[in-house]
Amino acid sequence: MALTREQMAQRVARELEDGFYVNLGIGIPTLVANYIPDGMDVMLQSENGLLGMGRFPTEDELDPDMINAGKQTVTARPGAAIFSSAESFAMIRGGHVDLTVLGAFEIDQNGNIASWMIPGKLIKGMGGAMDLVAGAENIICTMTHASKHGESKLLEQCNLPLTGAGCINRVLTDLAYLEIKDGAFILKERAPGVSVEEIVEKTAGKLIVPDHVPEMTFVEAS
Amino acid sequence: MALTREQMAQRVARELEDGFYVNLGIGIPTLVANYIPDGMDVMLQSENGLLGMGRFPTEDELDPDMINAGKQTVTARPGAAIFSSAESFAMIRGGHVDLTVLGAFEIDQNGNIASWMIPGKLIKGMGGAMDLVAGAENIICTMTHASKHGESKLLEQCNLPLTGAGCINRVLTDLAYLEIKDGAFILKERAPGVSVEEIVEKTAGKLIVPDHVPEMTFVEAS
Amino acid sequence: MSGFDKRVASYEEAMEGIESGMTVIAGGFGLCGIPENLIAEIKRRGAKDLTVVSNNCGVDGFGLGLLLEDRQIRKILASYVGENAMFEQQMLNDEIEVVLTPQGTLAEKMRAGGAGIPAFYTATGYGTPIGDGKEVREFNGRPHIMEEAIVGDFAIVKGWKADWYGNVMYHHTAQNFNPMAATAGKITVVEVEEIVEPGELDPSQIHTPGIYVDRLIQGAFEKRIEKRTVHS
Amino acid sequence: MSGFDKRVASYEEAMEGIESGMTVIAGGFGLCGIPENLIAEIKRRGAKDLTVVSNNCGVDGFGLGLLLEDRQIRKILASYVGENAMFEQQMLNDEIEVVLTPQGTLAEKMRAGGAGIPAFYTATGYGTPIGDGKEVREFNGRPHIMEEAIVGDFAIVKGWKADWYGNVMYHHTAQNFNPMAATAGKITVVEVEEIVEPGELDPSQIHTPGIYVDRLIQGAFEKRIEKRTVHS
């Protein structure tokens, strides 16, 4: 069965390490924060200028001057740092963020990503996404493996205008976890109950399937 | 008679305006701070990262962490700001400093300045001088009109390696105050008792002498 | 009267000289840390054909959204727009030109404008529509594009506390684009919540040194929240 | 043990991994705000053929001058050197290569190295020996030269206060080159006068966010004064 949004977040969270500075995009990436393992400490970077994002505020703590990159009101955890947008993107562009998690429309076998613009639809802008994909050494993209109409989003070459060229090497879809290397997707794990055949069928780009593709396991929340 | 160092500083101080942010180089430029007219407020920028340099500290105030660009211990005046070297030179390079006063070895009629390097002699470096001449819209150079051996320092073309190209338009020497425009020095004022003939003789570059060249006047300190 | 007293008496005086066709750089991210009263004054004055440089363009009826009502903005450089119906409509009607700019590149272009750096190279945007027509150059085996600095006729900035020399501190994430905007205006106008005496702020804790600030005014702020999210 | 605890137990551990041939970026201006104990540790370890990036090169027997005694520096990028007899002698004997770099350009090269900006343009140095061999390009009718970023294998930094996440504050003009150096090291080591608990520093008042800092140590400092000038 395809992974739920929560399971996708859970799987991404396994890539975290203690002491990681992490930037989480909007959507599924945001949910990753809910699955940081006990005893592990991760610091969230919000590109509007906050390192050490905390939980949402109580009514009493609510402050219009304290928001995250999604424009939600947040708090800062003890030991946070707040700075300008130039400093924030110096961190991002300079490769100081350990892990970036973001969504995408399409990924191709050369690590190109399209995530911001669908010609003919209203274009709102790329925000910080182009800086994030160009800057983070370590990016995981999360998206559904195929569109609602069954069209693969893992392509030989992206159709949509790019967000970044050759910068993605890890993708988690609702069906599989894949790495990108030397112009091909490498199937590393599959969702519980999802067959290799289904993944092959729904992957338009070049896919390398190792002899053994382990199934992901998830523990039910108690 | 040629101006004394103090008179040179006094003359330069007449170019100050209330509310000016000023960077003063080492030597005669430093003395300018002693001649800021009463009722006029000028803020001194020190390129190691201090805007609002104050007087030297008393023994009690002495702090190794508070120095100026000449590495002397100083104080900060109330309302000062302290920042990084990158921010300091952003100010300088970005043209935010109203007036820079610095010394020179040679100036030429095209506004080129040589002030940091004498081939064959030990070269210590340019420090912030190249940034200052490239960045300040408004620079006054102070130097003696001629060397000890009588050789002019106001040239057709600088002989020494440059500090900056085409960036100087005002020079105060011990003999005269000159402006530089369209490839020529323009004699604007002469030191008390110094003849136009002497200035002409000691200026190797193209010199334009107006019909009337007023003599500077100085009031003795009481 | 000290030449360093940057205070002006009114918002009218604060935006004196703004004219049609000018470029205005604005601080703020979303509705956080926006110079809301200075924007309102630009609306009141009615300057048209403005080029606005700002990460976003406000919402209907607030922030830079106010300037859309009378079609005062001809062109905007931003990283994310269109949260407001009026913007969307003007964009679809080609009444407003939008130059989408990656957020980090936008911040760096403002900083460069203030710092006398006319252009710089970044990997951001290479291989995307943002890189089209820009010079490409390889550094460390990776292609980068050249981006040029931005300077504004006016910069409008929202600070928290300032002394009357114009030394400014920002509050929390309301800092965002404000420090870079402050450096990049030929005339920089800052509105703050509180003005104190010079000497009251710690010199090492000033975010924007007064040398960048031309005019300073104390105002009252609505500080509208765009996405109110609370912890139950 | 938090993964964000940057504290190390000794100066030996702080400079673990420094090897001959590496590039070291150092904060400090003159003798003000220099990482004096980290420099002394580099001397103790004896790494040779170092490329040092620092505004100055200390004095005889103190600061970076210590590394001259055993000829540990092969090359230095600096804006002003030679205050020390030993430096002068090694320079005259061609034992040390000196790449003189304008002070503002040096600061910007460090910042660019940390910020993922591989190169930028500046008017500083155009038409001078510093511009020789560098690309010249005109912007706004004025020629500029291209300068490239600097990154170090190590950056050594002197802070004032830090929390153990590595968030650092600097004291007065001891700030100088330290914040840029801190961003530009593959391994950034910071020594401070006091380490406090996370949460004790105001988030908006941190000069160097902990993300740039790999190792942190509390030390005792001589803080030698180069030109003691007092007001009688």
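If you're wondering where the values come from, they're calculated on a predicted model, not measured in any experiment. Naming convention: chains lettered A, B, ... in sequence-line order (proteins, then strands); numbering from 1 in each chain.
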Minimum-distance pair of heavy atoms, taken over all atoms of [X] and [Y]:
X: A:A69; Y: C:F29; result: O-CZ, 3.5 Å
X: C:P129; Y: A:P161; result: CG-CB, 3.5 Å
X: A:L162; Y: C:T128; result: O-CB, 3.2 Å
X: A:W116; Y: C:I130; result: CH2-CD1, 4.4 Å

Evaluate the side-chain contact (heavy atoms from CB on, under 4.5 Å) criterion for residues A:K71 and C:Y80: first the C-alpha distance (whole Å), next the side-chain angles of each, then the deciding distance (0.1 Å), finally the verdict. CA-CA 12 Å; A:K71 292 162 194 166; C:Y80 199 82; 4.0 Å; yes
Is the closest basic N to carboxylate O distance between C:R228 and A:E59 below 4.0 Å? yes
Return yes when atom [atom1] of [X] has more than 12 non-hydrogen atoms of other residues, nucleotides or ligands closer than 6.0 Å, and no otherwise.
X: C:Q205; atom1: CD; value: yes
X: C:N140; atom1: CG; value: no
X: C:K223; atom1: NZ; value: yes
X: C:E135; atom1: CD; value: yes
X: C:K134; atom1: NZ; value: yes

Nearest 0.5 Å, please: how far is [atom2] in [Y] from [atom1] in [X]?
X: C:Q175; Y: A:D65; atom1: CD; atom2: CG; answer: 11.5 Å
X: A:M66; Y: C:H172; atom1: CE; atom2: NE2; answer: 4.5 Å
X: C:H207; Y: A:I82; atom1: NE2; atom2: CD1; answer: 9.0 Å
X: C:T124; Y: A:D131; atom1: OG1; atom2: CG; answer: 4.0 Å
X: C:R111; Y: A:F89; atom1: CZ; atom2: CZ; answer: 15.5 Å
X: A:N68; Y: C:T229; atom1: CG; atom2: OG1; answer: 6.5 Å

Segment of [X] engaging chain A (4.5 angstrom heavy-atom cut-off):
X: C:M110; result: neither
X: C:N56; result: side chain
X: C:L106; result: neither
X: C:Q103; result: both

Checking [X] against chain C: side chain, backbone, both or neither under 4.5 Å from a heavy atom?
X: A:S84; answer: both
X: A:I67; answer: both
X: A:N112; answer: neither
X: A:L132; answer: neither
X: A:E61; answer: neither

Flag the one option from C:W160, C:Y170, C:Y126, C:F177 with the top tally of heavy-atom pairs under 4.5 Å to chain A.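 Most heavy-atom pairs under 4.5 Å with chain A: C:F177.
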Can you tell me which of C:N55, C:T105, C:V81 forms the most heavy-atom pairs within a distance under 4.5 Å of chain A?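 Ranked by contacts with chain A, first place is C:V81.
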What residue, out of [options], has the most heavy-atom pairs lying under 4.5 Å from chain C?
options: A:G70, A:G125, A:A80, A:S85; value: A:S85
options: A:G128, A:A134, A:A90, A:A129; value: A:A134
options: A:S88, A:A165, A:G49, A:A86; value: A:A86

I'd like to check C:T173 versus A:V74 (side-chain heavy atoms, cut-off strictly below 4.5 Å). Are they in contact? no
For A:R93 and C:G104, indicate whether the former's side chain and the latter's backbone hold a donor-acceptor pair under 3.5 Å.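 Here the side-chain-to-backbone pair exists.
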Show, in sequence, the C-alpha distance, side-chain angles and deciding distance for A:D63 and C:H171, and conclude whether the side-chain contact (heavy atoms from CB on, under 4.5 Å) test is met. CA-CA 10 Å; A:D63 186 337; C:H171 193 234; 3.4 Å; yes
